[in-house]
Amino acid sequence: MNQTGSDERRGIAASGTLLLVAFTVTKAAGYLQKVIIAHRFGTSGDMDLYVLSFTIPDIFLFLVIGGAVSSAFVPVTTERLARGQDDEARGIVNGVMTAALLILLIGVALLELASPLAVHLLAGGRGPSEQALTLTLTRIILLQALFLGMGGFAVGVMNAYRRFLPLSLAPLMYDLAIIGAALFLTQVRFHGKPLGVVGLAIGVALGGLAHFAIQLPSLLRIGWRPLVPSALRNPAVWRVAILTIPIALGLVAVQANIAVDRVLAARLPSGRLAALDFANDIAQIPNLTFTTALTLVMFPYFARHAALGEIGALRRQAALAVRLNLFVLLPAAVGLIVLGPPIIALLLQRGAFNAESTSLVTAPLALFAVGIGAQASIFLVARVYYSLQKVVTPMLVAFASVAVNLVATLLFIGPLQQGGLALATSLASIFNLSLLIYWLRPHLGGFEGRRLATMLGEVAVGCAVLAAVAWLTWRGLAGDGPVRLDVRHYAALAVSMLMSGGAYLASQRLFQSPEAAVAMSVILRRRGAVAAASAEARR
C-alpha cells in the first residue's frame, strides 16, 4: 500500500511538471496572441464588439461541455478503468462523444438561425453597422463552439486515460491559430477593406479545429469512432447525461452572469468592455498556468479515490490541492495589485494600445486580482464534488453566487465603471468557494480547516513582505515617471518580481510550510518534496 501511494505521488509530480511546462508555453503563446491583438486593435470599439460576440457561443459551449460533461464523464469512466473494465470504458467514450457531436451540430445550426435576435438583445445600444459586425463575428465564432466542443470532450477522454501530452498541446494549437490570424488574416483585404476583427474571428474558428485535431490520433488509439449510435444505449452514457444536467446548469448560470456583465459593459463608454477583457486575461495568467495543470492532474486521482471509497485519501489530497493553489495564487494576486500598471504597460502598451488603454485596464486588473485565488480554487473543489458524483450542490452554489455578483455589479458599476464589474466577480468568487468548502466538509469528514487557517495566516505575512519588496524594488530601479518600453524598465519589473517572489518563499520556509515544499518540488522538480508534503498533510 505504501508503495502504491509513493508511486501515485511520483505520478502526480511527473504529470504536474509536464503540464506545468506545457501550460507555461501555452500561456507564453497566449501572451503573444494578446500582444498582437492589443497592438492591432487596442481598446477600440471594434475590440468591444469582438469580445461581445463570444457571449452566445460561450453560453452554448458551457451548456454542452464547459467542464460539465467532462466532469461527469471522468468519474464514470475512471470508475470502469479503475476496476479493469476497459471495454465498458471504451463504450462510454463512444456513446458520450456520439451524443456530443449530434448535440453540437444541431445546436450550432439552430443558433446560427437565432443569432440575429440574440445579437439585437446583446448589442441593442449600438448602431446598425456595429450590430451587423457583431452578428458576423458571432456566426463565425459559433463554428469554434462546434470544434472546441469536440476538443473539450476529447480533453475529458485524455484526462480519464491520463494521456496528458495531447490535452496539454491542444490549447497551444488554439493559440497558435489565433496568432496566425492576428498577424495575417486581419490584414487581408475584402472589398477594399482589411478583414480586421473578422479575420481574428476566423482564426478563433480555426483554433477550435486545431484544438480537436491534435487530440484525434490519441482518441483513435483509445478506440473512439465517430458516430456510433449503438453506443447511445449504454446505461452509463445516460448516467453521464443525468450527472451533466446540474453541472451544466451551474456553469450556464455563471456564463449568463458574464453575459449580463458584457451587456452592461457594452453600454459604458467605448473601450471599457475591451479593457475589462484584457484585465481578466492578465489576471487569469497564474490561474491558467498553475491551477489548470493542478486540476487536470488531480481530478483523475480524486475520481479514483472516490470510486474506490477511499474518502480519507480524497480528503487529504483535496485539502492539500486547495492549500497549494491558494499558496501560489494569493501572492500572485498581490503582485498583480502592486505591479499592475508596469505589468500592463510592458506587456501590452504598443501600437493601438496606448497609455489611455493602460489606464483603463489598471483598476479592473487590481479588482480581479482580489478574487483570483478563490476563483481558481472553485474549479478544484467542484471537481471533488463531481468525483463523489454529487453535482447538485455546486449548481445551487453557482446560482447563489450569480445573485451575489448581480447585486454587487449594480452597486459598483456606477462609481467604479468596468472596475465595479471586476470587483463584483471577485466578491462572488470568494462567496462561492466559501460555501463549497463548508458544504463539502460533511462528505469528507472535514477539510483540514485548522491547517488551512494556519496556512492563510502564514501566507498573509508572506504577502505583506512580497508587497513591500515589490514596491520598493520597482520604485528604486524604475524611478518616478511613466513606464517606458526600454531595457531598464523591463529589467526593473523582472527583478521586482524575482526579489518579491523570493522574499515570499523565504518567509514561508521560515514557517516550515509543507505547501512551500510542494511548490519548490514543482519548480525544482524534486519529487521527494511531494512525498514529504503529502506525509505532512496526513497529520
Side-chain angles (χ1 to χ4, degrees), residues 30-61 111-112 115-116 118-145 147-148 174-190 193-208 255 258-282 284 347-348 350-354 356-357 360-361 364 418 421:
Y31 159 64
L32 180 59
Q33 174 207 136
K34 286 298 176 182
V35 168
I36 296 169
I37 292 173
H39 182 271
R40 290 271 193 261
F41 303 105
T43 51
S44 63
D46 279 359
M47 196 62 197
D48 279 349
L49 301 180
Y50 172 76
V51 173
L52 192 63
S53 67
F54 278 86
T55 305
I56 300 302
D58 282 354
I59 290 175
F60 173 64
L61 194 57
L111 286 173
E112 291 284 359
S115 54
V119 167
H120 179 71
L121 294 174
L122 289 173
R126 302 282 180 149
S129 62
E130 291 176 308
Q131 288 194 41
L133 177 56
T134 306
L135 177 59
T136 299
L137 295 171
T138 298
R139 282 179 159 163
I140 295 171
I141 293 172
L142 274 168
L143 297 176
Q144 174 233 24
F147 301 131
L148 200 59
Y174 179 76
D175 282 330
L176 291 177
I178 298 176
I179 288 171
L183 287 172
F184 304 111
L185 281 181
T186 57
Q187 305 303 304
V188 172
R189 303 188 75 83
F190 184 73
K193 294 174 57 179
L195 285 176
V197 289
V198 174
L200 205 54
I202 294 171
V204 167
L206 293 174
Q255 284 300 309
I258 292 172
V260 172
D261 286 352
R262 286 177 177 171
V263 170
L264 292 173
R267 283 159 172 76
L268 295 173
S270 179
R272 267 58 177 183
L273 177 55
L276 189 71
D277 190 61
F278 279 118
N280 185 57
D281 285 336
I282 295 173
Q284 292 302 318
L347 285 179
L348 299 176
R350 50 187 59 80
F353 195 103
N354 53 28
E356 181 183 358
S357 298
L360 289 176
V361 174
Q418 68 273 25
L421 295 166

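If you're wondering where the values come from, they're calculated on a predicted model, not measured in any experiment. Positions are given from 1, in the same order as the sequence printed here. Side-chain atoms are counted along with the backbone in the values below, which use heavy atoms only and exclude waters and symmetry mates.
Partners of T136 according to the side-chain hydrogen bond (donor to acceptor under 3.5 Å, both in side chains) rule, which considers only residues two or more places apart in sequence or in another chain, do not exist here. The side chain to side chain contact (heavy atoms under 4.5 Å, CB included) search around L135 returns S115, P116, V119, R139, not counting sequence neighbours. Evaluation of the side-chain hydrogen bond (donor to acceptor under 3.5 Å, both in side chains) rule for Y50 yields no partner, not counting sequence neighbours. Remark: T43 pairs with S357 by the side-chain hydrogen bond (donor to acceptor under 3.5 Å, both in side chains) rule, at least two apart or across chains. Contacts of D175 classified as salt bridge (Lys or Arg N to Asp or Glu O under 4.0 Å), with partners at least two apart in sequence or in another chain: none. For Q418, the side-chain hydrogen bond (donor to acceptor under 3.5 Å, both in side chains) criterion is met by no residue, not counting sequence neighbours. For D281, the salt bridge (Lys or Arg N to Asp or Glu O under 4.0 Å) test picks out K34, with sequence neighbours left out.
Closest approach of D46 to V197, counting heavy atoms only: O-CG1, 4.0 Å. Residue G203 comes nearest to L185 through the heavy atom pair N-CD1, 4.4 Å, listed as atom of the first residue, atom of the second, then distance. Between T134 and S53 the shortest heavy-atom distance is O-CB, 4.0 Å.
Note that the CG atom of L360 and the CZ atom of F353 stand 8.0 Å from one another [nearest 0.5 Å]. Taking CD1 from I179 and CZ from F184, the interatomic distance works out to 11.0 Å, rounded to the nearest 0.5 Å. To the nearest 0.5 angstrom, I56 atom CD1 is 4.5 Å from L122 atom CG. From I202, atom CD1 reaches atom CG of L137 across 9.5 Å, with rounding to the nearest 0.5 Å. A distance of 12.5 Å separates OH of Y174 from CG of L176, quoted to the nearest 0.5 Å. Distance CD1/I141 to CZ/F60: 15.0 Å, rounded to 0.5 Å.
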Using distance only, find each side-chain donor-acceptor pair of residues 259-278 under 3.5 Å and give its atom names and separation, not counting sequence neighbours.
from : atom 1 : to   : atom 2 : distance (Å)
R262 : NH1    : T55  : OG1    : 3.4
R267 : NH1    : V263 : O      : 3.2

Would you mind writing out the side-chain donor-acceptor pairs for residues 35-42 within the sub-3.5 Å range, not counting sequence neighbours?
from : atom 1 : to   : atom 2 : distance (Å)
R40  : NE     : A182 : O      : 3.1
R40  : NH2    : L183 : O      : 3.2

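The environment of Q187 atom CD is dense: over 12 non-hydrogen atoms of other residues, nucleotides or ligands sit within 6.0 angstrom.
Side chains of S44 and M47 form a contact here, defined as non-hydrogen atoms less than 4.5 Å apart.
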